[in-house]
Amino acid sequence: MSILFTDVYVYDDASVAGMFGPTDVLVSGDRIAVVGTDARRRFLTDGTPVHGEPHREIAGGSRHVLVPGLINAHFHSPANHMKGSMPSLPLELFMLFESPADPELTPTPREAYLRTMLAALEMLRSGTTAVQDDAFLMPYPTPEIIDAVMQAYADAGIRASVALDQPELPEAQKLPYLRTSADAELAAALDAPAPLDAAGLLDAYDYLFERWHGAENGRLTAAVSISAPQRVSPEYFGALDDLSRAHAVPLFAHMLETKAQRTLMTEQPRFTGRSLVRYTAELGLLSERMNVIHAVWVDDVDLELIAQAGSTIAHNPVSNLRLGSGVAPYRRMLELGIPVSLGVDEAVCDDSVNLWGVVKTAGLVHNVSGLDSDLWPTAGEVLDSLWRGGAAALLRSDDLGAVDEGRLADLALLDLHSAAFTPFNDLRGQLVYCEQGASVRLTMVGGRVVFENGSITTVDETGLLDEARELFARKLPVIERARQAAQPLVTPYQAMVRTAAAAEVGMNRWIGLP
């Protein structure tokens, strides 16, 4: 099937105006075939429709701009149904209530399908066409739950790269300071083994790759995740790196999101004074396939190692604010040539899956860095992180992130006569600071229109939302009971966070301190 966009402006990061046109863009199959005046002739003369499907023309009327589909480079789908339900807390406390260990919270496949679908629908509505889902499937991944998550992405029509974010070590080896305030009951809990060992997790990965990697004409792919270096053994880390290399897929690794994680270098003997980044580099596992997620409490040595390895950093500014993690050194990352992508993180610490809020926050929060205003992010740099950085995170720099001939047709069509662009002053500035997703008129993934004129075209959105409301309303009391059961852990975990906050680590990533 061919789709011709006529009389549209086209986003162009190389031009002064940020766009050119009006012009035409021809999509053939899943790729952008022609950008420019030849598109209309090719559309009228090339071939016959595939499988009898008619060709289609979409008129831009010289009032729409075609931009690359947004790329959500870091996300956790299992908390989609809990947005707005949590107070702001430091990550280590937040996680006690976000995913409490309660057998009654083990999801059915239908629950896993619906909670995944909730985010997919919201992303498609706001122009996000690709997502990297670092899925923590509690208590551990099973084939049925993996199938449910992947089937939701398949049905929705979004491009998704999915990994299994599961720790493999006991809690005591993942956090600092807890031993000092642990009674016998807490000590036993801290030493309890992870729900599934490395062999079991590798079996789950075998299933994910065999069943889903490359499914839906390559739209669905597998990735791998260690969760974080402190949460896994070097042996398991190495096994996942081997898997990443063999399949040429990203490896997700949360690193130095919080100050408590920075203190691990001195408070966990196995790190022998090394930051998590340096520890990973010295294991030989910091690579061009790695997504270093967050990277808030990094120093220059860490960033230089990341740059030398060719890794990408996934920046999650809304989540970092919600959890009080701090402000990442974005300018220094760019100065070192590190590709930086943007992510929502998860719906329970962003409270939406609308990437436009992340874009705006990335354009604003670094203005309080104390740097000279000439070093604050420009709108163009933020959009470069959104698109080119996102494509780099997916290891798809040649396929995604630009409206160019030969690239995958992952596109969003925005109305320039909407409130965000009226009056029209500067495309880049209004994309970053004004757009909230309301201007998106059409979303296309791999040449297929998946959202248009206010409606998802792939599934019965109304029916799915009705079902999700009813199902998760019944689940809410169980979630609340599980959170109440986690309350006894607050005191020791709060003590850990406060001890870490008072530690001297040679840097500060918080604002507003004297």
Side-chain angles (χ1 to χ4, degrees), residues 3-27 32 34-37 39-40 57-72 122-129 317-318 342 352 354-367 373-374 376-390 400-405 407 409-444 449 451-455:
I3 295 178
L4 178 69
F5 293 94
T6 62
D7 298 317
V8 293
Y9 291 94
V10 174
Y11 181 79
D12 177 19
D13 62 1
S15 72
V16 173
M19 65 182 187
F20 63 86
T23 189
D24 302 329
V25 176
L26 176 63
V27 172
I32 300 168
V34 183
V35 178
T37 55
R40 206 170 302 213
E57 183 175 335
I58 298 172
S62 299
R63 57 174 280 179
H64 292 80
V65 60
L66 202 60
V67 303
L70 280 63
I71 298 171
N72 184 1
E122 186 175 356
M123 285 188 280
L124 294 177
R125 280 186 159 276
S126 52
T128 294
T129 55
V318 174
L342 299 180
S352 82
N354 185 337
L355 198 53
W356 291 107
V358 174
V359 170
K360 182 170 184 173
T361 303
L364 296 176
V365 70
H366 302 288
N367 298 353
S373 59
D374 287 348
W376 295 352
T378 66
E381 287 172 326
V382 173
L383 294 174
D384 188 69
S385 290
L386 172 65
W387 285 315
R388 294 193 183 276
L400 299 171
V403 187
D404 290 339
E405 293 177 2
R407 296 199 181 225
D410 286 15
L411 303 167
L413 187 68
L414 276 65
D415 187 352
L416 293 176
H417 285 210
S418 63
F421 297 99
T422 303
F424 185 77
N425 298 304
D426 178 82
L427 179 64
R428 293 186 182 93
Q430 286 170 273
L431 283 169
V432 172
Y433 304 117
C434 306
E435 180 54 44
Q436 298 176 336
S439 305
V440 176
R441 297 291 176 262
L442 177 145
T443 304
M444 170 182 282
V449 175
F451 170 76
E452 186 175 17
N453 296 326
S455 298

Self-check item: Single hit among T128, L342, L400 for side chain to side chain contact (heavy atoms under 4.5 Å, CB included) with I71
Solution: L400
Quiz item: When F5 is tested against each of V403, T23, L66 for side chain to side chain contact (heavy atoms under 4.5 Å, CB included), which residue passes?
Solution: L66
Self-check item: Which residues share a side-chain contact (heavy atoms from CB on, under 4.5 Å) with R428, sequence neighbours left out
Solution: Y11, A379, L383, D426
For [X], check side-chain hydrogen bond (donor to acceptor under 3.5 Å, both in side chains) against everything at least two apart and list the hits.
X: S352; result: D350
X: S385; result: Y330
X: R63; result: D415
X: E435; result: S439

Quick one: closest heavy-atom pair of [X] and [Y], and the distance?
X: F421; Y: L427; result: CE2-CD1, 4.0 Å
X: V65; Y: M19; result: CG2-SD, 4.4 Å
X: P377; Y: N367; result: CD-OD1, 3.9 Å

Practice problem: Using modelled atom types only, decide if a donor and an acceptor are shared between the side chain of Q436 and the backbone of W356 within a distance under 3.5 Å. | Solution: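 No.
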Practice problem: Check whether any side-chain N or O of E57 sits under 3.5 Å from a backbone N or O of L4 as a donor-acceptor pair, and report yes or no. | Solution: no
Exercise. Kindly write out the residues that satisfy salt bridge (Lys or Arg N to Asp or Glu O under 4.0 Å) with D12, not counting sequence neighbours, or none if the list is empty.
Key: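 If we apply the salt bridge (Lys or Arg N to Asp or Glu O under 4.0 Å) test to D12, skipping adjacent residues, there are no hits.
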